[in-house]
Undergrad: 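Sharing a structure here in structure tokens format.
To find a chain, count down the sequence lines: A is the first, B the second, and so on, and within it residues start at 1. In this text the structure is predicted, and so the values were computed from the model without any measurement.
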Number of protein chains: 2
Amino acid sequence: MSEKVSIKEIAAKANVSIATVSYVLNGTRNVRPKTKERVLRVIEELNYQPNDIAKSLKSKKTNTIGVIAEDVTVFNVPEIIDGINDYADGHDLHIVLTNLRLHKRVGHNYADVEAYRKYAANAVSDLMAKQVEGIIYVGIHPRDVTGLIDTRGKPIVYTYCYTQNDLSIQYNDEQAAYDSVCYLHDKGHRRIAVITGLMDSIPSRLRFNGYYKAIMEHELPFEPQLIKVGDWGTESGLRATKELLELEEPPTAVLVMNDVMAAGTLRAAWEKGFRVPEDLSIVGFDNREFSDYLQPRLTTLDLPLHEMGYSSMKSLMRLVNGEPAEPVPMPLCVLLERESVASPNGAETS
Amino acid sequence: MSEKVSIKEIAAKANVSIATVSYVLNGTRNVRPKTKERVLRVIEELNYQPNDIAKSLKSKKTNTIGVIAEDVTVFNVPEIIDGINDYADGHDLHIVLTNLRLHKRVGHNYADVEAYRKYAANAVSDLMAKQVEGIIYVGIHPRDVTGLIDTRGKPIVYTYCYTQNDLSIQYNDEQAAYDSVCYLHDKGHRRIAVITGLMDSIPSRLRFNGYYKAIMEHELPFEPQLIKVGDWGTESGLRATKELLELEEPPTAVLVMNDVMAAGTLRAAWEKGFRVPEDLSIVGFDNREFSDYLQPRLTTLDLPLHEMGYSSMKSLMRLVNGEPAEPVPMPLCVLLERESVASPNGAETS
DNA sequence: CGCATAAATCTAATCGTTTATATTCCTGGG
DNA sequence: CCCAGGAATATAAACGATTAGATTTATGCG
């Protein structure tokens, strides 16, 4: 009912032209105070609500950006979206969210890019039709998605995944692994093992680089038997840890490349009769919520997800506004010290 | 560059009127095959992309609904959004997501409704301006939000929270608690304790109703010392459980009203030397992801979050289409049997 | 008081579609 | 071969705003 009030009705009732109404609405031009007040009153009376659709049509600006998430239910995505929203809120921007629902549609077979290229393509053309100003693509697992998406020249920024030709925001995996090995070294550890994720994944390799670099720099033993390859699952963490603890000379600390596997590590230690952190120190990765409920509470690396989202939006808006892309420093992980790390056998902190 | 092709350019190049182009695009009227083909070819050549903004302006339909989430980073929200998206995908609908970011803005003080009424109001008027067809409001904690939002007559459906005047989709808390007590009874348990959340929360009360009802129906002991009030936090679960286990006659099973507290229960049992499930059976609530990493893996109630989202959208679209609201059966939780429940002391399953 | 000039307001075109209505083009039967 | 009548297509008016440019109104100064 009150749906139908447009500036035309306002204009009629206030005895001015629609242009004048527009001027008072936007302050685009001077309007005599008397007139302005009159118009404002009518706007109030008629409970006028602006219509952004019409505005967008004329102005060719929608102040809307499209977010394509491969799967919003994956643990890191909501926090990234939160960061995107944070920026959007502060800049009068709106988000059209497209959820590809990859897990539900193609299971865990991310390698089969063709299978969901069409989902992405559909999402993109829908968003284009909606005249979004740009697109943010949120991958669920870090990997190279070059060529997955054609935006026909509209700005796009990727996050949590890699791409060759476009801007992509990803946290510094290598640095994080490096930092945590240094941290363990500082605590006095010398035999530091690592349990990786699947080695065909980019972050596994980057994190391993960080581990390797730190080991070399501190001239610590780099022994193949201290390197275990997991598959990101909790069972693999359990198995790998058991192998480590059965070594003649077991490590005193282990860097585990995600918290899920670290949960398995904890269990293995318990089963083998190793106390954590007294006999074995553990650093996890991801700061999953449950890592704080584990026993002991897990020391782990917090991912800068909010910052990634925020930063993606910021970069995207530069592109949207035609400014040149500027290099974005990689967001850093931060080590959360909780209870799963101690100095080994009464060794003193160096 | 190729941005600017509209049906006008198509019309010109194909030597037809814009109306004809529109007809072939929408199949609204018959078009001679020859003409149709010609138009289609030009569309292809010029790489025409439709403009939904213009379409919406004329047709007064945006096929867009607004989702207001109090906080997308809260564990249950993404799954609800996923359900919303699932419905949207199948019905050519789009989602404008507004994230109120309540945790970040007002901390955990949800009681201070006034503090975020303005956020909600802003979100609503933005969405109205964008001409969404309806709104879904996703609360973060189940509570009554009546009067929080004025949509000026546009359809709105609430989920995960309660409201007096509008439609609200919430799962069946009472039934879930009832079912799990019956399940424990079936397993042979007779002394069944409960650890509630804060008792000023609606789900705590509903779940307690379910517990009470089942206890009464099976004529089980209803003793005050078997009822512990927690605060949803893991520490409170730990404390409450210790008290239970220190009882002269401790319970053989306990229903814990969320998995976070249940993690504390597990820890308490371990500290007190009770084996789970041999000496103490535990049923949690929420099916948080980590409940599967606990030791033993936690038997818990899975929340029908996806269904709630899907169902909210379905109900909303009925309203949008002017159909009468129809009663929606409350989505049900489902008990996931894992490892934290067994029959007590060799008692046999009844 | 009259007029130049500045300030306020209005007119009308436009954005990219849809869709009544008008017009033109075919088709086939007499 | 003509014409009625239906099929195909074109014209033009919306939808609700913005914004040049035209027009009107107010202001100040000689």
Side-chain angles (χ1 to χ4, degrees), chain A residues 2-40 42-43 46-64 92 125-133, chain B residues 2-40 42-43 46-64 92 125-133:
Chain A
S2 62
E3 296 284 11
K4 26 182 72 281
V5 346
S6 70
I7 59 170
K8 199 191 287 186
E9 281 77 46
I10 306 293
K13 189 141 189 223
N15 247 302
V16 293
S17 73
I18 60 169
T20 303
V21 177
S22 176
Y23 297 145
V24 348
L25 243 21
N26 303 303
T28 333
R29 280 197 195 180
N30 281 340
V31 174
R32 197 142 25 114
K34 242 181 63 160
T35 318
K36 185 172 191 166
E37 200 216 336
R38 183 155 34 101
V39 171
L40 253 14
V42 176
I43 284 178
L46 262 44
N47 185 24
Y48 166 76
Q49 306 279 140
N51 183 330
D52 279 359
I53 297 291
K55 188 184 294 213
S56 293
L57 179 57
K58 183 82 233 286
S59 65
K60 291 170 174 300
K61 291 217 83 215
T62 55
N63 287 335
T64 298
D92 187 32
S125 37
D126 282 0
L127 291 174
M128 301 293 243
K130 286 227 166 300
Q131 311 297 113
V132 298
E133 322 248 4
Chain B
S2 62
E3 297 283 12
K4 25 185 69 282
V5 347
S6 71
I7 59 170
K8 199 192 287 186
E9 281 77 45
I10 306 293
K13 189 141 190 224
N15 246 301
V16 293
S17 72
I18 59 169
T20 303
V21 178
S22 177
Y23 298 145
V24 349
L25 242 21
N26 303 303
T28 334
R29 282 198 194 179
N30 280 342
V31 173
R32 199 144 20 115
K34 240 180 66 159
T35 318
K36 185 173 192 167
E37 198 217 338
R38 182 155 36 101
V39 170
L40 253 17
V42 176
I43 283 177
L46 263 43
N47 185 24
Y48 165 76
Q49 306 279 140
N51 183 331
D52 279 359
I53 296 291
K55 188 183 294 211
S56 293
L57 178 58
K58 184 80 233 286
S59 65
K60 291 169 173 300
K61 292 216 82 215
T62 55
N63 287 336
T64 299
D92 188 31
S125 39
D126 282 359
L127 291 174
M128 302 292 243
K130 284 226 166 301
Q131 312 297 112
V132 298
E133 322 249 3

Undergrad: Report the distance from atom CD1 of A:Ile10 to atom P of D:dA17, rounded to the nearest whole Å.
TA: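 About 9 Å, once rounded to whole Å.
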
Undergrad: Mind checking if B:Gln49 touches a base, just sugar-phosphate, or nothing, with heavy atoms under 4.0 Å?
TA: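 Since only primed, P, OP1 and OP2 atoms lie under 4.0 Å of B:Gln49, the category is sugar-phosphate.
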
Undergrad: For B:Lys8 and D:dA13, give me the distance from atom NZ to atom P, rounded to whole Å.
TA: 15 Å

Undergrad: Rounded to whole angstrom units, what separation is found between the NZ atom of A:Lys60 and the P atom of D:dA17?
TA: 18 Å

Undergrad: Take atom OH of B:Tyr23 and atom P of C:dT21, then tell me their distance rounded to the nearest Å.
TA: 12 Å

Undergrad: Just N and O in the side chain of A:Ser17: are any of them under 4.0 Å from OP1 or OP2 of C:dT11?
TA: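 A:Ser17 to C:dT11 OP1/OP2: no side-chain N or O under 4.0 Å.
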
Undergrad: From the list C:dT17, C:dT9, D:dA12, which nucleotide is the closest neighbour of the side chain of B:Ser6?
TA: C:dT17

Undergrad: Would the base of D:dT9 count as contacting B:Arg32 through its side chain, where contact means a donor and an acceptor less than 3.5 Å apart?
TA: no

Undergrad: Is A:Val21 touching bases, backbone alone, or none of the nucleic acid, heavy atoms closer than 4.0 Å?
TA: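 Since no nucleic acid heavy atom lies under 4.0 Å of A:Val21, the category is nothing.
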
Undergrad: Once you apply a heavy-atom cut-off of 4.0 Å, does B:Ser22 come out as touching a base, just sugar-phosphate, or nothing?
TA: base

Undergrad: Mind checking if A:Asn26 touches a base, just sugar-phosphate, or nothing, with heavy atoms under 4.0 Å?
TA: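 The residue A:Asn26 makes sugar-phosphate contact but no base contact.
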
Undergrad: Roughly how many Å is it from NZ in A:Lys58 to C1' in D:dC15, rounded to a whole number?
TA: 14 Å

Undergrad: Between the side chain of A:Glu37 and the main-chain N/O of A:Lys34, is any donor-acceptor distance below 3.5 Å?
TA: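 Not a single qualifying donor-acceptor pair exists.
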
Undergrad: Measure the distance from NZ on A:Lys55 to C1' on D:dT19 and round it to the nearest whole Å.
TA: 14 Å

Undergrad: Assign each of B:Thr28 and A:Val16 to its nearest nucleotide of DNA chain C by heavy atoms, then name whichever residue's nucleotide is nearer the 5' end.
TA: A:Val16

Undergrad: Could you state the atom-to-atom distance from CD1 of A:Ile18 to P of C:dT9 in whole Å?
TA: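 One finds 15 Å between P of C:dT9 and CD1 of A:Ile18, rounded.
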
Undergrad: With sugar-phosphate meaning primed atoms plus P, OP1 and OP2, does B:Thr35 contact a base, only sugar-phosphate, or nothing at under 4.0 Å between heavy atoms?
TA: sugar-phosphate

Undergrad: Do the non-hydrogen side-chain atoms of A:Val39 and A:Val16 ever get within less than 4.5 Å of each other?
TA: yes

Undergrad: Picking from A:Asn26, A:Asn63, A:Leu25, A:Thr62, what satisfies side chain to side chain contact (heavy atoms under 4.5 Å, CB included) with A:Lys55?
TA: A:Asn26

Undergrad: Counting heavy atoms from C-beta on, name the nucleotide in C:dT17, D:dT18, D:dT11 closest to the side chain of B:Asn51.
TA: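 Nearest to the side chain of B:Asn51 among the choices is C:dT17.
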
Undergrad: Could you check how far CD1 of A:Ile43 sits from P of D:dA17, rounded to whole Å?
TA: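 A:Ile43 atom CD1 is separated from D:dA17 atom P by 10 Å.
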
Undergrad: Any heavy-atom pair between the side chains of B:Asp52 and A:Gln131 that's under 4.5 Å?
TA: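 Contact flag for A:Gln131/B:Asp52 side chains = no.
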
Undergrad: Please compare B:Ser59 and A:Leu25 by the position of their nearest nucleotide in DNA chain D and report the one closer to 5'.
TA: B:Ser59

Undergrad: Could you tell me whether the side chain of B:Val5 reaches within less than 4.5 Å of the side chain of B:Asn47, counting heavy atoms only?
TA: no

Undergrad: Is there a donor on the side chain of A:Arg29 or the base of D:dG21 sitting less than 3.5 Å from an acceptor on the other?
TA: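 Answer is yes: a donor-acceptor pair is held.
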
